[in-house]
Amino acid sequence: MSETASSKYLVTGGAGYVGGVAAAHLLEAGHEVVVLDDLTTGFREGLPRGASFVHGRIQDAARYLDPSFDAVLHFAASSQVGESVANPGKYWDNNVGGTLALLTAMRAAGVGKLVFSSTAATYGDPGQGALTETSATAPTNPYGASKLAVDHMIAGECAAHGLAAVSLRYFNVAGAYGELGERHDPETHLIPLVLQVALGQRESVSVFGEDYPTPDGTCVRDYIHVADLARAHLCALRVATPGEHLVCNLGNGGGFTVREVIETVRKVTGREIPEIVAPRRPGDPAVLVASTRTARERLGWTPTRSDLTGMVTDAWNFARRNASS
Ligand code: UFG
């Protein structure tokens, strides 16, 4: 079916940050969206206007899927690296077990298209240089391992049953889109944490290690605007081909150090941001930067909003609104 016509999509995890922004883009393109979310980490306020909502688990997807759906966009997952080290079973259960149930339900309902939220954490600690989709996968934590296992499951489903699937490997997502932005409890991500310091909600930010082999000794990450990322999902729906599992990195193609991010927050907010040097965080690779070649060639996608100042400005406006509401 052509994605230019109005289609009906199941969006798992659509009450979360990335799922919510992607659902908003689908709705703006004139599609029908049903969000399936158990609200363990998502928020009702994170639901985009116009989406139907089902409060439920992906493990029970068979109850909610029927042949009227054109595709599934699968965002729902446990996604904290640290938690996955402490409680790996939760990651195998939610991410792998939950997705197995979802794939089985899709097959039973005859829903033949999937876009999956995979992650750069599948690559592990790759050293310097931009990561391509053929770079070695050697995850350093159960979160990345569970997402890689799902990628393998999806590949099997494509080969055996003709599923059309795209796994999008996100790098570091940032920024906000309208009323929708990043909120986790507890917060562990760099940009929202630094913004909490700017808002006076936290005294200082810890810099996890300054002895990495990078320009200023702090880790380099590839930050991508959440709206750019969301747009890539619509491209993925268009190019998904029965029997093919396309794996595609989604990043900006360039990296920023932790200190560059903190400095940008200082400039954007005009606030003081005290920083404390802390030990390295276990499992953190020194550099994670995406090659954007596959995304450009296969999805016809290029990032347009992923300059760091713009991303931090959007995140700052969202954080301020949220703090005062
Ligand atoms: N950092 C700090 N201080 C903090 C928080 C983070 O110095 O208080 C550093 C981290 O050590 C890292 C960088 O800031 O070097 C970014 O850390 P985030 O926690 O914001 O993001 P990660 O790069 O660890 O992880 C993100 C996603 C994961 C995904 C991964 C893949 O959160 O889900 O990208 O690249 F797996």
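Just so you know, residue 1 is the first one in the sequence shown, and it goes up from there. In what follows, every heavy atom counts, from backbone to side chain, and hydrogens, waters and symmetry copies are set aside.
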Asker: Could you check whether any side-chain N or O of Thr257 sits under 3.5 Å from a backbone N or O of Glu260, counting only pairs where one atom can act as donor and the other as acceptor?
Answerer: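 Yes: the side chain of Thr257 pairs with the backbone of Glu260.
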
Asker: Among all residues two or more places apart in sequence or in another chain, which pass the ring pair (Phe, Tyr, Trp, His ring centres under 6.0 Å) test with His189?
Answerer: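 Expected list: His184.
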
Asker: Do any N or O atoms from the side chain of Tyr91 and from the backbone of Gln80 form a donor-acceptor pair under 3.5 angstrom?
Answerer: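 Between the backbone of Gln80 and the side chain of Tyr91 there is a qualifying donor-acceptor contact (under 3.5 Å).
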
Asker: Can you get from Leu246 to Leu234 by hopping between Ile, Leu, Val, Met, Phe, Trp and Tyr side chains that sit under 4.5 Å apart?
Answerer: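 Same cluster: Leu246 reaches Leu234 through Ile, Leu, Val, Met, Phe, Trp or Tyr contacts under 4.5 Å.
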
Asker: Restricting to side-chain contact (heavy atoms from CB on, under 4.5 Å), what partner residues turn up for Glu45, sequence neighbours left out?
Answerer: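 Here the qualifying residues are Phe43, Arg183.
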
Asker: Quick one: does Ser6's side chain have a donor or acceptor within less than 3.5 Å of a partner on Gly30's backbone?
Answerer: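 Present.
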
Asker: Indicate whether the side chain of Asp307 and that of Thr309 have a donor and an acceptor atom separated by less than 3.5 Å.
Answerer: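 Side-chain D/A pair, Asp307 to Thr309: absent.
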
Asker: With a 3.5 Å cut-off and sequence neighbours excluded, list the donor-acceptor pairs that the side chains of residues 153-168 form with protein atoms.
Answerer:
residue, atom, partner, partner atom, Å
Glu157, OE2, Arg107, NE, 2.5
Glu157, OE2, Arg107, NH2, 3.0
Ser167, OG, Asp151, OD1, 2.7
Ser167, OG, His245, NE2, 2.8

Asker: Under 3.5 Å, is there a donor-acceptor pair between the Ser117 and Tyr170 side chains?
Answerer: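 The answer is yes; a qualifying pair exists.
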
Asker: Where the side chain of Thr119 meets the backbone of Ala121, is there a donor-acceptor pair that is under 3.5 Å apart?
Answerer: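 Yes; at least one donor-acceptor contact below 3.5 Å.
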
Asker: Taking Asn249 for the side chain and Thr292 for the main chain, is one N or O donor matched with an acceptor at less than 3.5 Å?
Answerer: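 Checking the backbone N and O of Thr292 against the side chain of Asn249, no donor-acceptor pair under 3.5 Å is found.
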
Asker: Tyr177: what forms a ring pair (Phe, Tyr, Trp, His ring centres under 6.0 Å) with it, not counting sequence neighbours?
Answerer: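 Ring pair (Phe, Tyr, Trp, His ring centres under 6.0 Å) check on Tyr177 returns His25.
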
Asker: Do any N or O atoms from the side chain of Asp222 and from the backbone of Gly253 form a donor-acceptor pair under 3.5 angstrom?
Answerer: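 Judged by distance alone, yes, a pair lies under 3.5 Å.
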
Asker: Salt-bridged, Asp37 to Arg44, with N to O below 4.0 Å?
Answerer: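 No, this pair does not count.
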
Asker: For Phe75, check ring pair (Phe, Tyr, Trp, His ring centres under 6.0 Å) against everything at least two apart and list the hits.
Answerer: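 In terms of ring pair (Phe, Tyr, Trp, His ring centres under 6.0 Å), with neighbours along the sequence ignored, Phe75 is linked to His233.
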
Asker: Not counting sequence neighbours, which residues clear side-chain contact (heavy atoms from CB on, under 4.5 Å) with Arg49? List them please.
Answerer: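 Once residues adjacent in sequence are excluded, the partners of Arg49 under the side-chain contact (heavy atoms from CB on, under 4.5 Å) criterion are Glu179.
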
Asker: Among side-chain atoms of Thr12 and His74, is any donor-acceptor pair under 3.5 angstrom?
Answerer: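 A pair is found: one side chain offers a donor N or O, the other an acceptor, under 3.5 Å apart.
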
Asker: Write down the atom of Val197, the atom of Glu203, and the distance for their closest heavy-atom approach.
Answerer: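 Reported closest heavy-atom pair: CG1-O, 3.8 Å.
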
Asker: Would you confirm whether Arg298, through its side chain, and Val239, through its main-chain N or O, come within 3.5 Å as a donor-acceptor pair?
Answerer: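 No.
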
Asker: Is a side-chain donor-acceptor pair under 3.5 Å present for His55 with Asp38?
Answerer: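 No donor-acceptor contact under 3.5 Å links the two side chains.
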
Asker: Let me see the working for Val72 and Val11 under side-chain contact (heavy atoms from CB on, under 4.5 Å), right down to the final yes or no.
Answerer: CA-CA 6 Å; Val72 173; Val11 177; over 6 Å; no

Asker: Judged by modelled atom types alone, do Thr218 and Glu210 share a side-chain donor-acceptor pair under 3.5 Å?
Answerer: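 No donor-acceptor contact under 3.5 Å links the two side chains.
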
Asker: What residues form a ring pair (Phe, Tyr, Trp, His ring centres under 6.0 Å) with Tyr123, not counting sequence neighbours?
Answerer: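 So Tyr123 forms no ring pair (Phe, Tyr, Trp, His ring centres under 6.0 Å) with any residue.
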
Asker: Output side-chain donor-acceptor pairs under 3.5 Å for residues 58-65, partner residues at least two apart or in another chain, one line each.
Answerer:
none

Asker: Do Arg221 and Asp284 meet the salt-bridge criterion of a basic N to acidic O distance under 4.0 Å?
Answerer: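 Counted as a salt bridge, because a side-chain N and a carboxylate O are separated by less than 4.0 Å.
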
Asker: Please give me the minimum heavy-atom distance between Ala51 and Val35, naming the atom from each residue.
Answerer: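 The pair with the smallest heavy-atom distance is CB-CG2, 4.0 Å.
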
Asker: Are any side-chain N or O atoms of Ser146 and backbone N or O atoms of Tyr143, one a donor and one an acceptor, separated by less than 3.5 Å?
Answerer: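 The answer is yes, because a donor-acceptor pair under 3.5 Å joins these two groups.
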
Asker: Apply salt bridge (charged side-chain N to carboxylate O under 4.0 Å, His left out) to Arg296 and list each qualifying residue two or more places apart in sequence or on a separate chain.
Answerer: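 Listed in chain order: nothing, the list is empty.
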
Asker: On the 0 to 90° scale, with breaks at 30° and 60°, tag the Phe256-Tyr223 ring pair as parallel, tilted or perpendicular.
Answerer: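 Aromatic pair Phe256/Tyr223 classed tilted.
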
Asker: Can you tell me if Trp301 uses its side chain to pair, donor with acceptor, with the backbone of Asp228 under 3.5 Å?
Answerer: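 Yes, Trp301 side chain to Asp228 backbone: donor-acceptor pair under 3.5 Å.
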
Asker: Give the minimum heavy-atom separation between Ala232 and Leu250, together with the two atoms involved.
Answerer: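 So the two residues come closest at CB-CD1, 3.6 Å.
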
Asker: Who are the salt bridge (charged side-chain N to carboxylate O under 4.0 Å, His left out) partners of Glu297, not counting sequence neighbours?
Answerer: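 Glu297 satisfies salt bridge (charged side-chain N to carboxylate O under 4.0 Å, His left out) with Arg293 only.
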
Asker: How close do Ala236 and Leu299 get, counting heavy atoms only, and between which atoms?
Answerer: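 Answer, listing the atom of Ala236 first, then Leu299: CA-CD2, 3.9 Å.
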
Asker: Ser68 and Lys8: side chain to side chain donor-acceptor pair (under 3.5 Å), yes or no, with the steps?
Answerer: CA-CA 7 Å; Ser68 70; Lys8 181 175 174 183; 2.8 Å; yes

Asker: Quick one: side-chain contact (heavy atoms from CB on, under 4.5 Å) partners of Lys90, sequence neighbours excluded?
Answerer: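 Listed in chain order: Ser78, Glu83, Asn87, Asn94.
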
Asker: Under 4.5 Å between side-chain heavy atoms, counting indirect links through other Ile/Leu/Val/Met/Phe/Trp/Tyr residues: same cluster for Leu193 and Ile191 or not?
Answerer: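 Leu193 does not cluster with Ile191.
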
Asker: For Arg266, enumerate each residue passing the salt bridge (charged side-chain N to carboxylate O under 4.0 Å, His left out) test, keeping only those at least two apart in sequence or located in another chain.
Answerer: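 Per chain and number, Arg266 pairs via salt bridge (charged side-chain N to carboxylate O under 4.0 Å, His left out) with Glu263, Glu275.
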
